[in-house]
Each structure stands twice: as C-alpha cells, then as structure tokens.
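A short worksheet on the structure shown next.
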Amino acid sequence: MGKNFVIIAGEEAGPKSNKMGGIWNVIHEEAHTLAALFDSGTLDTKEEKEILVAGPYYGHRGADWNRGLNRITSMEEFNPLHVGRVLQKSLESLEKSGIKVFTGEKLVGKNRVGYLQFQTSDFGKIRSTYMGKEMTLESRIKAEAYEHLGLDSLKYESMSNGPEYTHYLSLSYAISELIRFLVSSASESAETEETTSIKGFSPCPGVSLHCHEFGVFYAPARLKKLGIPVSTVATLHATLPGRTAGYNSIQKRRNNDSTWPPGVPENLAALEALALYADTITAVGESTRQEARLFYGINGIVIRNGITIESDKIDWNLKEGCLEKIRKFLSENLYKYHGGERIEPEKIIPIFTISRLEVENKGYPDLLDSLVALEHIIKNSILEGHMQEGIRVICFLVTAEGPKTNLPAGFPVNLPKEILAGSELKIQQMIEEKGLDFPKMVRGKRSVAALLYPQILSISDGGLGMEVEEFMAGCCAGIFPSRYDPFLLTGLEAGKEGTPSVVSRVCGFSDAIKTIESLIEVLGGVVVVDNIDLSYYETVLDYALAVSYFTRNFIDDRVKYKLLCREAFLLAKDMDWKVPTEQYYELISGARFCKQ
C-alpha cells in the first residue's frame, strides 16, 4: 500500500499569526476539513494519506521580513510529528542541505495534520554550491531561479520590498526541495519493496501540492522545470495588478484593459505569474478569475471559499451576553471620557465593519457617507413616530496598521491621536469631518457615530477584550462596503455567529450566494448592495437603508430580527468547507469523494 502526501502551502500556513483572518483561515480549514473527510471514509481508496501544511517559521524578533507584523511562530499548540520512513528521510536530507524545519501535528478524528515550518531567515548564512561555485544558499536559490525561469533577483532584491521577495523565493525553494526528496525517497522505497508489477516500471509516488497565493508559486514552477512528477494547484485569492487598481479593476475588466496600473510590485508580480506552471489554477471568485486572465493570460476555474460551522443552531445566550458587554462598555466609557448625557446601554445599537487597512478598496468613504445618510433616516423615523427617541447607532470600524500595546484605559472610546499611525489617522480624520465622532452624540445632537477600533481583536487587546467571534456575535449587524474584495470571508464569519450583514455586489461572496437557494432576495439575512452599476449616491443610500432595516427589526420586532439572524446563519452553514475541499482534492489527486 502506497502513501499519498497532500501538501497545502502558503505564507500564512501553520500557527495562527497576529493578523486578521485571511489566508491562514483558508489553509487551516482546508487541511482540517480534508482530514475529517478522510476520517469519515468518503474517499474510496486503499492508499494511506498524509496531510502536511507547509509554511514559514519566524523564531525570534527580526526574523520576519514584515517588520510591521513582527510575527513570532509558536509551535506549543502542536504535538510531536509522527514521522514515517519516507518523510523522515526527506527531512534528514533537508537538514543536511542546511534547511531547518520545525514540525508538529494536530489530530483531527483519527487522522493527523502535520505542520512543517521552514526557517528562511538564515539562508544568507548557509554555505552551498551551484554550477561548481561556492556561495550562500540564498544566492544559489536566486541563481537557479534565473537559470530555470529567468527571475532577475539581482534587480528584484534591490527594490524596496526586496526582503519580501527573497523570503518568498526561499520559502518556495524549501517546499519544492521537500517534495523533491519525498518523491526520490518514495521511489527508492517502492523499488526496494519490489512493488513494480512490470519490468522497468516504477509507480509514481503520490505527492500533491496545493499552493495558496503567489508567495509559494515558485515551488510548483521549479518542480515543473526539474521534471518532478507532482500534481499541483495554484490558488489566487486576488491578483496584484487587480489589488493595486482596486475598484478601478472593474472598469479595466469591462474595457479589456490589460495594462497594469502604476504601483504594482514588479518582483512579486513575477512570482504571481508563475501560477501558469501549475497543473491547475483556481480563483476564489469570478472577479479574480477574470483578473488573472486579463493581466496574466491565465485561464482558471472558480472554487469559492467557505467556513466551518459545527453547531446546528445559534447560541442566543452568547449573543445576548456579548451584546450586553458591548453596550455596557460603550455606555460607561462614553460618559467617562466624553461627558454629556449618559446613554443608557439598552439604547445603543452596535454594528461593525472589519477589514484590512485599505481605505479606498474597503469602501470606508462609502461607509461613512452611508452612516451620515442613516443619521437622517433615523431622525425622520423618530419624528414620524416610527422609532423611539434616544436610539444611538454606533459603528465599530475594526482595522489596524498592526497590533498595539500599552493602550490607555477606555480604549478605543478614549482614542488619543498619538497612538494612531498611517491610514488610521486618515480614517479618524474622515470620521471627524463627517461629524460622526462622539461629541455631537453625547450632547444629543446625533444618533449615529463611527468608532475607529485600530487593534487586532482578542481577549487581551486592551479594549473590549473579546475574541472576533464574540464581538461579531454581540453586534446587531455587519456592513462590508468593499469597492474591491475578491471574496469577503468576514461576511461568512458574521453569519456563523448569527449576525446579519450588508455586503457590496463587488465581493466574490455576493457571486457565491447566488447559487444558494435558501437566500431570500432583497431584504434577507444578507443584503447585497449594487455598488457596480448604481451611482455613488444610490449605493450609499442603499447601504443606509439596509442597516436601517436591520436596526428597526432589532428594536421593534425581535421575532423577525431573529429570523434574519437565522437566515444569515443558515447561509453560512450552506457555504461550508466540504464542497471546496472536495473540489481541491479532486484537482490535485484525481480522486473523487464518494457521495453517501
């Protein structure tokens, strides 16, 4: 019986790092869902399968190329990795070549998920040889990349993001070396055990590689050039030209304009273009698939993202408890730090958005303008007697340049300007210019306010002290007005907590929900706002009306509001990780899961 190695690789593969969501969630869920599917016996095969997650290792401060994140990898959550003969021999070969790999595993049912974290920070100190010349391992990798694929590392490493490029190239090289050794060791093992049935024929060892994003795309390209028999899939979560163009990428697609916008990092784009060497290219949304074809000439298929929900129902007690905590925190700190009239907790309606700090792409101008429009909608509703007086809607804007420490008491209601940096300052200035800061609210002149939360949410974040899931569960609605967003996992994450949301049509998420029959069109648990064909003012008004719809039902009709929450929950549950994982596995292995 042979062994199949399924390797899932990415820059964020491994222990969760101190950043919001993203690729880590995708890789983690794919690996664990695949292990659960293997455990359930839905795959009809006699071959033994081993799932390996491959990513970087940052052992100390300064090891991370991204000085802003300053990630430090902790392997404490893992058990020691059970290593078979083939994998053990491959790891030993890596060690001999100077590549350090830190290992661990997690048990999912009866199946193990192994973790291999590669330390690339010392590749510039390790001695190696290439073409008869002695050099560092880092230089060897660059020389070989130029020889095989024409990557001009001499030029690319001199750019401002040179360390990032060098890290990705080194990480991809290390992953491809692991696979090269696996194939070699497995082939030798097969011959030793006399598993050949035809003279001169040796079965190809089962090694499959799924690469998420451009940081590891050099791995399948190098394997292809070396002639290593491996099945590969490269998944694009966005494209660099598309992300740089932002909301202008829509117009570029419509005009069939393949010119790159100014500011595309040439070195990273060169790595992204290597997706062409994978056996199959996938995109998480239709817009990303179209961008790949437009900017790189890459033809791919769409496999959506998903989410894992183990519960069959919403935890209403959790939602009520989290809501109460948020309301109490806001009521007490608004009075303490801004004075004015004390706002009763039950009068506060918290809503939220959460994203990377991309002001234009994530639609922050649209969001703030919609909150201004919401102010007028609420004011008129109160005057006409359709809403009780004293209601206060506070929208959390959760986005940060990076993690913060030593925050003041009352953060983020107490938000000194000196703790803000970069685009955080820009967003706070926008809030104040729109009159959405707290002074007018506490004096009773405004019903709507925006609260910047420039921190990565956690129980020790120095603010609310809540995990992301608890925070989402406690808010009454989410609003995600992205002008450019390949998928929008946060919409599904909100639904997982039974929180309805407003999403823009430009998100890949909105494409995916068209296929879900349970979604009620127009005003349901997830409201899709057309920010592509409507004018800016119509779009902003629709965002405001959608949020108003959720808040009115929350205040006046809790039964209907709970139905909306349940619809958002069921939509997220329908979009679980099982189907995408099966599709990925079929692509990299050629094996189909049995439908039971």
Side-chain angles (χ1 to χ4, degrees), residues 5-14 21-34 37 51-56 113 168 171-172 175-176 179 207-224 230-243 268-308 356 484-489 492 507-509 511-512 575-590:
F5 291 95
V6 181
I7 301 172
I8 306 170
E11 166 63 14
E12 293 294 337
I23 307 302
W24 181 88
N25 300 76
V26 175
I27 294 173
H28 173 82
E29 295 297 346
E30 181 188 351
H32 282 241
T33 303
L34 186 58
L37 286 168
I51 302 169
L52 299 174
V53 173
V113 176
Y168 292 151
L171 176 62
S172 294
I175 292 169
S176 64
I179 294 171
V207 181
S208 305
L209 173 64
H210 184 189
C211 292
H212 286 274
E213 281 288 59
F214 64 87
V216 287
F217 284 177
Y218 176 59
R222 179 174 182 263
L223 291 168
K224 181 75 74 175
V230 177
S231 177
T232 57
V233 171
T235 293
L236 291 157
H237 293 256
T239 67
L240 289 165
R243 190 178 292 282
L268 303 188
L271 295 178
E272 190 165 72
L274 297 179
L276 279 164
Y277 287 90
D279 296 324
T280 309
I281 299 103
T282 71
V284 298
E286 178 60 26
S287 62
T288 301
R289 188 186 73 83
Q290 291 180 16
E291 284 175 18
R293 185 172 57 191
L294 178 66
F295 296 122
Y296 295 116
I298 293 174
N299 291 312
I301 61 175
V302 174
I303 296 182
R304 64 163 175 83
N305 282 328
I307 197 164
T308 299
R356 290 186 303 274
Y484 177 85
D485 205 312
F487 189 78
L488 183 73
L489 268 174
L492 283 178
C507 300
F509 176 35
D511 285 333
M575 295 177 66
D576 66 9
W577 262 108
K578 182 173 179 290
V579 172
T581 301
E582 289 178 346
Q583 292 172 332
Y584 282 137
Y585 185 73
E586 182 178 345
L587 289 174
I588 59 177
S589 69

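As the structure is a prediction and not an experimental result, all values here were calculated from the model.
Using a 4.5 Å heavy-atom threshold, the side chains of Gln583 and Glu586 count as separate. Counting heavy atoms from C-beta on, the side chains of Val6 and His210 never come closer than 4.5 Å. Contact check for Leu492 versus Phe487: side-chain heavy atoms found under the 4.5 Å cut-off. Side-chain contact between Pro220 and Leu209 is present, with heavy atoms from C-beta onward closer than 4.5 Å. In this structure the side chain of Arg304 reaches within 4.5 angstrom of the side chain of Val579, judged on heavy atoms. Looking at heavy atoms from C-beta onward, Ile281 lies out of side-chain contact with Phe217 at the 4.5 angstrom threshold. Here the side chains of Trp577 and His32 are not in contact, with every heavy-atom distance at 4.5 Å or above. Residues His212 and Ile8 form a side-chain contact, since some pair of their non-hydrogen atoms from C-beta on lies under 4.5 Å apart.
Under 3.5 Å, the side chains of Ser208 and Ser231 contain no donor-acceptor pair of N or O atoms. Side-chain polar atoms of Thr288 and His237 form no donor-acceptor pair below 3.5 angstrom.
Shown here for Ala9 and Ile175, the closest heavy-atom pair between the two residues is CB-CD1, 3.8 Å. Annotation for Leu274 and Ala221: closest pair CB-CB, 4.1 Å, computed over non-hydrogen atoms. Counting all heavy atoms, side chain and backbone alike, Ala292 lies closest to Leu236 at CB-CD1, 3.7 Å. When all heavy atoms are compared, the tightest approach of Ala13 to Val53 is CB-CG1, 3.5 Å. Taking every heavy atom of both residues into account, Tyr296 and Glu272 meet most closely at OH-OE1, 2.6 Å. Here the closest non-hydrogen pair linking Tyr585 and Ser589 is O-OG, 2.6 Å.
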(request) Check the pair Leu171, Glu11 against side-chain contact (heavy atoms from CB on, under 4.5 Å), reporting the backbone distance first and the verdict last. (result) CA-CA 8 Å; Leu171 176 62; Glu11 166 63 14; 3.7 Å; yes
(request) Apply side-chain contact (heavy atoms from CB on, under 4.5 Å) to Tyr584 and Leu34, showing your working. (result) CA-CA 10 Å; Tyr584 282 137; Leu34 186 58; over 6 Å; no
(message) Using the rule given for side-chain contact (heavy atoms from CB on, under 4.5 Å), can you reason through Ile303 versus Thr235, listing the C-alpha separation, both sets of side-chain angles and the distance that settles it, and then say yes or no?
(response) CA-CA 9 Å; Ile303 296 182; Thr235 293; over 6 Å; no
(request) Please lay out, stage by stage, how Glu29 and Thr581 fare under the test side-chain contact (heavy atoms from CB on, under 4.5 Å). (result) CA-CA 9 Å; Glu29 295 297 346; Thr581 301; over 6 Å; no
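Taken to the nearest 0.5 Å, the OG atom of Ser287 stands 12.0 Å off from the CG atom of Leu294. Note that the CD atom of Glu30 and the OG1 atom of Thr308 stand 11.0 Å from one another [nearest 0.5 Å]. Atom CG in Leu489 sits 4.5 Å away from atom CG in Asn305 (nearest 0.5 Å). The OG1 atom of Thr33 sits 8.5 Å away from atom NE2 of His28, with the distance rounded to the nearest 0.5 Å. Separating the CD1 atom in Ile7 from the CG atom in Leu52 is a distance of 5.5 Å, to the nearest 0.5 Å. Note: Leu271 CG to Ser172 OG = 7.0 Å, rounded to the nearest 0.5 Å.
Between Tyr168 and Phe214, the ring centre distance stays below 6.0 Å.
Remark: the backbone N or O of Asp279 is paired with a side-chain donor or acceptor of Thr232 at under 3.5 angstrom.
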